[in-house]
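Numbered from 1 within each chain, the chains take letters A, B, ... in sequence-line order. Values in this document were obtained by computation on a predicted structure and should not be read as measured data.
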Amino acid sequence: MNTPTEPTTLRAWLLAETPTSRRQARAASWYQGWLTLRSNPLTMIGLIILVFIIVCAILAPVLATHDPFAQNLGERLKPPGFDGHIFGTDSLGRDIYSRLLYGARISIYIVLLVAMVAPLLGLIIGTVAGYAGGWADVVLMRITDIFLAFPRLVLALAFVAALGAGIENAVLAISLTAWPPYARIARAETLTIRNSDFIAAIRLQGAGPMRIVTRHIWPLCISSLVIRVTLDMAGIILTAAGLGFLGLGAQPPSPEWGAMISEGRKYLLDYWWVATIPGLAIFAISLAFNLLGDGMRDVLDPKGGQ
Amino acid sequence: MTLAIEISDLTVWFGEGAARSNAVRQVSLSIGEGESFGLVGESGSGKSTVLRAITGLVPSWSGSMRIMNRPLGAKRDRTFYKQVQMVFQDPYASLHPRMTVDAVLSEALKLHGFGDIDNRIDRLLEDVGLGKGFRFRYPHQLSGGQRQRVAIARALAPEPRILLLDEPTSALDVSVQAEILNLLTDLRAERGLTYLMVSHDLGVVGHMCGQVAVMQTGEMVELLGVEDMRAMKATHPYTKHLLDSSLRSVR
């Protein structure tokens, strides 16, 4: 038996063969994941873009050159680079660059809220249905099927129309339309896990269904959900932008990216930058999430490697 | 001597109506406290199903089962889980892939209401021949034999009286098999445990058990002492065939 030697560097401590505390074991497994993530260059590009956008959103008041809501009708529809307007101005003379920075806050806010609500709902419904089986499974999965049967944007439109326009309602509507696929994944994972020996073993220790589902099944479902959520983020942003574009998401004068494209489309041929620049921003954040999601699959997939 | 396990007319089935198939038919056996009992037979003969019926992992059975003179009903209670524990066949499938050895053992100890968990975990690891160095490892950092030791430690955590062993060594290579079998023998001697062991390997059963029951297609065809088995004094043709073929494989 090798005795644990006193590690000298942080890296050695993280990569130690025999961790000596719970904290070290957990940190080491996170570090292994980080090393896998880092070895994929495309993932790192996605991560860098994302970090960049998040930093921009946090530092928006510092980085912005103008007030995003200040109108200046004398300088409307000026091209990029005109008189300190890096990306030009829109139809009301507002600085597009500053609006873009503040718009990042809204996008990230939407993404975070949806990412917290939809997967959690799907996880609870899916694992309960999968573990309980029988009637609970039939009822919960038919409800899931009903939600799955509608096209996402149409259902979101119906919800927003019923609840009233606005970002919060858009988030709620997107979450309500986004959970069914997560419930399906969680249920499928649960069905493969529930009959495995380690679940039988913990049942024989006297663990109840609540503990088994939350402590033993959830940790194994979460990885496939995280992958799916990151890959879906692009779709969520596009849906949010789509709702904004249709006038049912963020309301003017909010600098939400979809709403900015919607305003710019009237001038698309003559003043291309008004719609194109927020479009590029949506493209960048969607791409970043997709790249990151791909890398997350390598790190988190419980079936791969290890 | 009191009986640790008493089973009479146990029938276990899967499916209902026309799809019903009986995996175990009319099996009766009794094991005294401190004894070691082997259940042998080929794959699909229902030997593992007997264990799963005892532990309540298969719900559809008839007949009667008594553990330590307490009859078993449809549900198992805390007393049962404290008295009876099981070691599974495949150590690669019986440990949660995202839990460290420490997490596995401390959860078992907490579920049974033990205090002083830190010391108990160290002692359990010591008992199964693993040092403290293994405490914070994940299953993928362990070999098959080490995993099976962890599984045994988990089964020992509630300080049970009876261990159900479901082919505990069949997934391991031969030298590791011997280590695990010796560990199990030592633990039984130290703690006065009762073993009910399922195996398809007559050599393993002959090494571990005092009494052997032979199962074929869900029925128990013969019950014989290990001395009789070694002396090849089987009466049922299937048992003779089994003994004969296992001898031939050695020669």
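- No donor-acceptor pair closer than 3.5 Å links the side chain of B/His112 to the backbone N or O of B/Phe114.
- Applying side-chain contact (heavy atoms from CB on, under 4.5 Å) to B/Ile54 and the options B/Leu10, B/Ile7, B/Thr49, B/Ile162 leaves one that passes, B/Ile7.
- Heavy-atom distances place the side chain of B/Tyr138, and not its backbone, under 4.5 Å from chain A.
- Both the backbone and the side chain of B/Thr55 come within less than 4.5 Å of a heavy atom in chain A.
- A side-chain donor-acceptor contact under 3.5 Å links B/Arg78 to the backbone of B/Leu111.
- Both the backbone and the side chain of B/Arg154 have a heavy atom closer than 4.5 Å to some heavy atom of chain A.
- A donor-acceptor contact closer than 3.5 angstrom links the side chains of B/Glu167 and B/His200.
- Between chain A and the options B/Thr100, B/Val87, B/Leu95, heavy-atom pairs under 4.5 Å are most frequent for B/Leu95.
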